[in-house]
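What follows is a short report on a single structure.
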Amino acid sequence: LMLLAGLASVAAGWQDSGWGSRATSIITVSNGGPWGDWAWPEMCPEGSYATGVSFKVEPPQGAGDDTALNGIRLFCSPPGASGTSSAVESQSGRWGYWSEPQWCPQRGHLVGFALRVQAPQRRLLSDEVATTNARFACSDKHVLEGPGTEQGEWGTWSPLCPGAVCGIQTRQEPPRGLRSDDTALNDLRLLCCK
């Protein structure tokens, strides 16, 4: 019940703030990581929707500290247009490299997502990683999967947007300093427009 109240207050906040007044709903998953804070959401420009995605991933570090998935960038296009009008991202971690964009086929758009997350280890000398990969569902049922790591388990899919994805918000743990265990990206919310 508290989770529903929290989501309702978040929804009320983003609808009243002006930046997301065209967003009609927010989609989430239940398996996101527990660390960090929600960054400011970012929206596709008016009249455009997310048609592609890119992933910022740190490769496995061996004996070092793994952070895996550090960021997600949405590529926005007007309906039926080819090419990108803009790229938007919420906060991203500092580690890793951006992948080449992946696009929904036949000028489709993103409508849902799933996260692969390593559950908290909470053991001495364990390496907490949190979100390690993401999948995005396109309007034609095509799936775009990131080049993340194999750590963790895939959670269930988010509900599908009634229209199309038009905004993104990430939960990021800020860098904790030398000799600390960092996780970077922990969770994701997508905003939907009709």
Side-chain angles (χ1 to χ4, degrees), residues 4 7-8 10-15 17-33 38-57 68-92 98-117 131-149 152-171 185-194:
L4 290 175
L7 288 175
V10 167
W14 59 258
Q15 283 185 330
S17 65
W19 64 263
S21 59
R22 67 189 183 101
T24 58
S25 60
I26 184 169
I27 57 174
T28 63
V29 292
S30 61
N31 68 320
W38 287 101
W40 189 255
E42 294 293 334
M43 297 291 292
C44 290
E46 186 75 32
S48 65
Y49 305 95
T51 56
V53 63
S54 180
F55 306 87
K56 188 176 186 183
V57 177
L69 189 59
N70 271 249
I72 295 171
R73 182 178 290 157
L74 301 181
F75 292 91
C76 306
S77 303
S82 59
T84 303
S85 64
S86 65
V88 296
E89 67 183 88
S90 187
Q91 188 178 37
S92 294
W98 286 103
S99 69
E100 288 295 316
Q102 297 181 41
W103 301 94
C104 289
Q106 287 106 30
R107 299 181 181 165
H109 51 269
L110 302 178
V111 294
F113 74 101
L115 296 179
R116 184 176 202 152
V117 177
T131 304
T132 62
N133 207 351
R135 292 176 175 153
F136 289 83
C138 294
S139 51
D140 71 345
K141 299 188 179 7
H142 189 81
V143 173
L144 307 176
E145 184 172 326
T149 67
E153 300 292 327
W154 285 105
T156 58
W157 283 92
S158 70
L160 297 181
C161 281
V165 170
C166 61
I168 182 170
Q169 184 180 28
T170 57
R171 183 179 188 180
L185 196 143
N186 270 257
D187 205 351
L188 176 67
R189 295 174 179 155
L190 296 179
L191 287 83
C192 303
C193 297
K194 287 192 176 186

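For reference, positions follow the sequence shown, starting with 1.
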To the nearest 0.5 Å, how far apart are NZ in Lys56 and CG in Leu69?
-> 10.5 Å

Close side-chain approach of Cys104 to His142, heavy-atom, < 4.5 Å = no

Report yes if the side chains of Asp187 and Leu115 come closer than 4.5 Å at any heavy-atom pair, otherwise no.
-> yes

Calculate, to the nearest 0.5 Å, the distance between atoms OG1 and CZ belonging to Thr51 and Phe75 respectively.
-> 9.0 Å

Measure the CD1-CG distance between Ile72 and Leu185 for me, rounded to the nearest 0.5 Å.
-> 5.5 Å

Salt bridge (Lys or Arg N to Asp or Glu O under 4.0 Å): which pairs involve residues 136-147, sequence neighbours left out?
-> Arg135-Glu145

OG1 of Thr132 to CD of Glu153: how many Å apart, nearest 0.5 Å?
-> 9.0 Å

Would you check if the side chain of Gln169 reaches a backbone N or O of Ala39 as a donor-acceptor pair within less than 3.5 Å?
-> yes

Cys193: what forms a side-chain contact (heavy atoms from CB on, under 4.5 Å) with it, not counting sequence neighbours?
-> Arg22, Ala23, Met43, Tyr49, Cys166

How far does SG of Cys138 sit from CG of Leu110, to the nearest 0.5 angstrom?
-> 5.5 Å

Leu190 vs Phe136 side-chain heavy atoms within contact, under 4.5 Å | yes

Those residues at least two apart in sequence (or on a different chain) that pass side-chain hydrogen bond (donor to acceptor under 3.5 Å, both in side chains) with Gln102 are none

Quick one: does Asn70's side chain get under 4.5 Å of Ser92's, heavy atoms only?
-> no

Mind checking salt bridge (charged side-chain N to carboxylate O under 4.0 Å, His left out) for Arg116 and listing every partner two or more places apart, or none if nothing turns up?
-> Glu150

Are the side chain of Ser99 and the backbone of Ser54 linked by a donor-acceptor contact shorter than 3.5 Å?
-> no

Shortest non-hydrogen contact from Ile168 to Leu191?
-> N-CD1, 4.0 Å

Partners passing side-chain hydrogen bond (donor to acceptor under 3.5 Å, both in side chains) against Thr170 (at least two apart in sequence or in another chain) = Ser90

Are side-chain heavy atoms of Val165 and Leu74 found at a separation under 4.5 Å?
-> yes

What one should report as the nearest heavy-atom pair of Pro78 and Ser48 is N-CB, 3.7 Å

Please report the closest heavy-atom contact between Leu188 and Trp38, naming both atoms and the distance.
-> N-CH2, 3.8 Å

Write down the atom of Gly33, the atom of Val117, and the distance for their closest heavy-atom approach.
-> N-CG1, 4.2 Å

Partner residues of Ser139 under the side-chain hydrogen bond (donor to acceptor under 3.5 Å, both in side chains) criterion, sequence neighbours left out | none

CH2/Trp154 to CG/Asn31 distance, rounded to the nearest 0.5 angstrom?
-> 9.5 Å

